[in-house]
Amino acid sequence: GGQEGQEVQEVEVQPRAGLCRALIAIRTRHIKGGAGIARYRARDGLRPLLELLRRPRARKTLDLSLSILANCCTEAESRTEVRKLGGIPPLVTVLRSVGLGTVQNRAARALGNLAIDPENSALIHRAGGVSALLLCLSSSSPSPSSSSSPTTPSSSSSS
């Protein structure tokens, strides 16, 4: 019945410590630079990463998954692989349906990187990505931190 589905949803949106640790390791150790991204893609890492976007997830899991995906999509071959794996529609769905600023920013960054390729750009348009992006922009309230570029993660570069 309906209650069982709700229980499953509640369990799925709780972050799993092991999954978060694995995603952090992928982001911080395994995909540093082009060689790491190519190795991750070659070992079929994009497929399970995209699967994480297809079901309700905790904010932390979504943030990490989208961050890794956006970084991978700086590489042309990864952009092609994400398209072949059908990763654009679920990414647009996350952008449209998850009303959390950090998740929306990371989803927008991933879509922006994917849109570098004309074929991906057309798929993003067809999946409703442009209207979803515009909706996010119109519903976000301006803040002092909004002056930083959405495609570059903020970092403190004090030497």
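Throughout, numbering of the chain's residues begins at 1 and tracks the sequence.
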Using modelled atom types and a 3.5 Å cut-off, is there a donor and acceptor pairing between side-chain atoms of [X] and backbone atoms of [Y]?
X      : Y      : result
Thr93  : Pro89  : yes
Arg79  : Leu114 : no
Asn113 : Ala70  : yes

Once you round to the nearest 0.5 Å, how far does [atom1] of [X] lie from [atom2] of [Y]?
X      : Y      : atom1 : atom2 : answer
Arg96  : Leu133 : CZ    : CG    : 10.0 Å
Leu85  : Thr80  : CG    : OG1   : 11.0 Å
Leu95  : Leu53  : CG    : CG    : 11.5 Å
Ile124 : Ile88  : CD1   : CD1   : 5.0 Å
Cys72  : Leu50  : SG    : CG    : 9.5 Å
Ser65  : Arg27  : OG    : CZ    : 10.0 Å

Closest heavy-atom pair and its distance - Arg59, Val103 | CG-CG2, 4.0 Å
Greater than 12 external heavy atoms within 6.0 Å of Arg54's CZ = yes
Between Leu135 and Ser131, does a side chain to side chain contact (heavy atoms under 4.5 Å, CB included) hold up when you go through it step by step?
-> CA-CA 6 Å; Leu135 188 61; Ser131 60; over 6 Å; no
Given side chain to side chain contact (heavy atoms under 4.5 Å, CB included), test Leu62 with Leu100 step by step and report yes or no.
-> CA-CA 10 Å; Leu62 279 174; Leu100 299 167; 5.9 Å; no
